[in-house]
Student: 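Can you keep this structure in mind? I'll have questions shortly.
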Amino acid sequence: MTTVAIIPARGGSKQVPRKNVQKVGGVPLVARAVHAALAADGIDLVAVSTDDAEIAAISEAAGARVIARPVEIAGDTATSESAIVHALDELAASGVDVDVVAFLQATSPFIPSEALASAVALVRSGEADSVFSAHETYGFLWRRDAGGAAAAINHEAAHRPRRQDREPHYLETGAFYVFSAAGFRESRHRFFGRIAIAEVPEWTAIEIDDEHQLRIARSLAALHEARHPIPVKAVVTDFDGVHTDDTAIVDADGGERVRVSREDGMGVSLLRSAGVPMLILSTEVNPVVRARADKLRVPVLHGLDDKAAALRTWASAQDIDLADIAYLGNDVNDLPAMNLVGWPVAVANAHPRVLEAARVVLTREGGRGAVRELVERVLSS
């Protein structure tokens, strides 16, 4: 049986502009969905249906096949079902006969690949015709009646049993739906036949429909996503708040002293021995920046107004793709450079906006081993 994951991803969005290319954990939402599908056992092909050139490029780079979505089914009122039917038709025309469809929504940034694989197995085995992701809840649900008064839905208002005495309900997350292609073509709907639930952790249930949810998702990524190697070809760092603890001692003559970590120094030495290029970028003009860089035997560019431009120039001179660079920052002036690279990394005590933009948030603070932690994760790859 052939199982294809289909991810509809329009270019237009109102609440969050360019929503499907917004980054969570440093990775565009559409790419996160592609990665989740590729990691799920039982899925043979991942296809992204889109009307947008940038989404198409990101999807292809992530490992998906792109299906051009016609304008007439890419507007605000277009349904996901219409995109799936079109994708199935296009795949059939190219010789791909789909038996099982896994419909993923890119606006769900935390799609559990294991649960998705289990859902695929249920449909492939014939145990279910349609499966959807949901999380268990014991919440008391209410609605407003015609007069505006609160009315109980799944309980009696006068009876409040303990959690262990209540039957759980399941809240649909919208992250994924798996169903037989034949049954979908017949019903033109994602729910039909024997419907089963693929239970997922509640924290994965967030759907991004507004800026507030996007910020929550970025925070959750830093909390929940596993520590993994960072496979890059070069490391670039800020100085203050990264190599230092972001404090300075000023003497009577106006000279500044900073605190650095010997542990970080050893990390830089290990990186240099491994032959991985490193660069320090800083807006600071204080000579302490160059003094520390010389001590570490690392090239430095400081007194910069535009870190992003300097980073582009250096990467080009080194013949290193920006996607293969890790940039370690701590404050908002690092954001333009972080947004350029494939691996934006934040120290543990970084500014909230930097934490949101990071693909990786370290466990160590600036000046307290953050550089060493990054180096070890780079070398472990």
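This chain uses plain numbering: 1 for the first residue, then up along the sequence.
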Student: Hydrophobic clusters here meaning ILVMFWY residues chained together by side-chain heavy-atom distances under 4.5 Å, can you tell me if Val4 and Val34 are in one?
Tutor: no
Student: Kindly check if the number of other-residue, nucleotide or ligand heavy atoms within 6.0 Å of CG (Asp145) is above 12?
Tutor: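 Yes, CG of Asp145 has more than 12 neighbouring heavy atoms, counting only those of other groups under 6.0 Å.
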Student: With a 4.5 Å limit on heavy-atom distance, are the side chains of Leu271 and Val235 in contact?
Tutor: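 Result yes, sub-4.5 Å side-chain heavy-atom pair found.
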Student: Can you tell me which residue pairs pass the salt bridge (Lys or Arg N to Asp or Glu O under 4.0 Å) test with a partner in residues 330-354, sequence neighbours excluded?
Tutor: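 Sorted result for residues 330-354: Lys307-Asp334.
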Student: Under a single-linkage definition using a 4.5 Å side-chain heavy-atom cutoff for Ile, Leu, Val, Met, Phe, Trp and Tyr, are Val276 and Val236 assigned to the same hydrophobic cluster?
Tutor: no
Student: Determine whether the side chains of Ser180 and Arg124 contain a donor N or O and an acceptor N or O closer than 3.5 Å.
Tutor: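 The answer is no; no qualifying pair exists.
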Student: With a 6.0 Å cut-off on ring centres, are Phe191 and Phe132 close enough?
Tutor: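 Phe191 vs Phe132: aromatic centres under 6.0 Å.
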Student: Passes salt bridge (charged side-chain N to carboxylate O under 4.0 Å, His left out), Glu81 versus Arg188? Steps please.
Tutor: CA-CA 7 Å; Glu81 280 79 2; Arg188 296 295 171 117; over 6 Å; no
Student: Examine distances only and state if a side-chain atom of Arg259 and a backbone atom of Asp246 form a donor-acceptor pair shorter than 3.5 Å.
Tutor: no
Student: Should Leu362 and Leu328 count as side-chain neighbours, where that means a heavy-atom distance under 4.5 Å?
Tutor: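 Side chain of Leu362 against side chain of Leu328, heavy atoms only: contact under 4.5 Å found.
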Student: Do the charged groups of Arg69 and Asp51 touch, with an N to O distance under 4.0 Å?
Tutor: no
Student: Is there side-chain contact between Arg312 and Leu340, with at least one heavy-atom pair below 4.5 Å?
Tutor: yes
Student: Taking NZ, NE, NH1 and NH2 as the nitrogens, is one of them in Arg185 or Asp89 under 4.0 Å from a carboxylate oxygen of the other?
Tutor: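 Counted as a salt bridge, because a side-chain N and a carboxylate O are separated by less than 4.0 Å.
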Student: Give the cluster check for Leu304 versus Leu279: same hydrophobic cluster or not, with ILVMFWY residues linked at side-chain heavy-atom distances below 4.5 Å.
Tutor: yes
Student: Heavy atoms, side chains only, cut-off 4.5 Å: are Glu365 and Asn330 in contact?
Tutor: no
Student: To the nearest 0.5 Å, how far apart are CD1 in Ile208 and CG in Leu214?
Tutor: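 With rounding to 0.5 Å, CD1 (Ile208) is 5.0 Å from CG (Leu214).
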Student: Spell out, as yes or no, whether a donor-acceptor pair under 3.5 Å connects the side chain of Arg359 to the backbone of Gly342.
Tutor: yes
Student: Let me check something: do Val268 and Val232 share a hydrophobic cluster, defined by ILVMFWY side-chain heavy atoms less than 4.5 Å apart, either directly or through other members?
Tutor: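 As far as the 4.5 Å side-chain criterion goes, Val232 and Val268 are connected within one cluster.
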Student: Are Ser381 and Ile230 close enough that some pair of their side-chain heavy atoms sits under 4.5 Å apart?
Tutor: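 Not in contact.
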Student: With sequence neighbours left out, write down each residue that passes ring-ring contact (aromatic ring centres under 6.0 Å, His included) with His212, or none if nothing qualifies.
Tutor: none
Student: Any link between Val361 and Leu374 through a network of hydrophobic side chains (Ile, Leu, Val, Met, Phe, Trp, Tyr) touching at under 4.5 Å?
Tutor: no
Student: Strictly distance-based, threshold 3.5 Å: is any side-chain N or O of Asn20 a donor or acceptor partner for the main-chain N or O of Arg10?
Tutor: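 Checked: pair present.
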Student: Can you measure from CD (Glu54) to CZ (Arg18) and round to the nearest 0.5 angstrom?
Tutor: 5.0 Å
Student: Mark yes or no: Arg190 above the aromatic ring of Phe179, with NZ or CZ under 6.0 Å from the six-membered ring centre and no more than 45 degrees from the axis.
Tutor: no
Student: Decide whether Gln15 and Asp209 meet the rule of one side-chain donor and one side-chain acceptor closer than 3.5 Å.
Tutor: no
Student: For Thr173, which residues count as a side-chain hydrogen bond (donor to acceptor under 3.5 Å, both in side chains) partner, sequence neighbours excluded?
Tutor: Ser133
Student: For residues 101-123, which side-chain donor-acceptor pairs fall under 3.5 Å, sequence neighbours excluded?
Tutor:
| from | atom 1 | to | atom 2 | distance (Å) |
| --- | --- | --- | --- | --- |
| Gln105 | NE2 | Gly174 | O | 2.7 |
| Ser113 | OG | Ala36 | O | 2.8 |
| Ser118 | OG | Glu114 | O | 3.2 |

Student: Considering only residues two or more places apart or on different chains, which pairs with a residue in residues 313-353 satisfy ring pair (Phe, Tyr, Trp, His ring centres under 6.0 Å)?
Tutor: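 For residues 313-353, and leaving out neighbouring residues, the ring pair (Phe, Tyr, Trp, His ring centres under 6.0 Å) pairs sorted by first residue read His228-Trp343.
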Student: Tell me, yes or no, whether the heavy-atom count around Gln318 atom CD, taken from other residues, nucleotides or ligands under 6.0 Å, exceeds 12.
Tutor: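 Above 12, so yes.
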Student: Less than 4.5 Å apart, any side-chain heavy atom of Ile6 and any of Leu88?
Tutor: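 Side-chain contact under 4.5 Å: yes.
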Student: Under 3.5 Å, sequence neighbours excluded: what are the donor-acceptor pairs made by side chains of residues 134-141?
Tutor:
| from | atom 1 | to | atom 2 | distance (Å) |
| --- | --- | --- | --- | --- |
| Thr137 | OG1 | Gly139 | N | 3.0 |

Student: Looking at Arg372 and Asp264, is any side-chain nitrogen of the basic one under 4.0 Å from a carboxylate oxygen of the acidic one?
Tutor: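 Salt bridge flag = no for Arg372 with Asp264.
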Student: Between CG of Asp319 and NZ of Lys233, what distance do you get to the nearest 0.5 Å?
Tutor: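 One gets 8.5 Å once the value is rounded to the nearest 0.5 Å.
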Student: Going by distance alone, is a donor N or O of one side chain under 3.5 Å from an acceptor N or O of the other, for Glu127 and Ser125?
Tutor: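 The criterion, which ignores hydrogens and geometry beyond distance, is satisfied for Ser125 and Glu127.
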Student: What is the distance from atom CZ of Arg32 to atom CD1 of Ile7, rounded to the nearest 0.5 Å?
Tutor: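 Rounded to the nearest 0.5 Å, the CZ-CD1 separation comes out at 12.5 Å.
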Student: Indicate the atoms forming the closest heavy-atom contact of Val24 with Ala221, along with that distance.
Tutor: CG1-CB, 3.9 Å
Student: Thinking salt bridges, do Glu373 and Arg377 make one under a 4.0 Å N-O criterion?
Tutor: yes
Student: Measure the CG-CZ distance between Asp129 and Arg194 for me, rounded to the nearest 0.5 Å.
Tutor: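 That separation rounds to 4.5 Å.
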Student: Once you round to the nearest 0.5 Å, how far does CD of Glu376 lie from CE of Met266?
Tutor: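 Rounded to the nearest 0.5 Å, the CD-CE separation comes to 11.0 Å.
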Student: Determine whether the side chains of Asp52 and Thr50 contain a donor N or O and an acceptor N or O closer than 3.5 Å.
Tutor: no
Student: Any side-chain donor-acceptor pair under 3.5 Å between Gln213 and Arg218?
Tutor: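 Short answer, no.
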Student: CD of Glu167: more than 12 outside heavy atoms within 6.0 angstrom?
Tutor: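 12 or below, so no.
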Student: Are Arg368 and Glu263 ion-paired here, with the side-chain N under 4.0 Å from a carboxylate O?
Tutor: no
Student: Taking the side chain as everything from C-beta on, heavy atoms only, tell me whether Phe239 gets closer than 4.5 Å to Arg292.
Tutor: yes
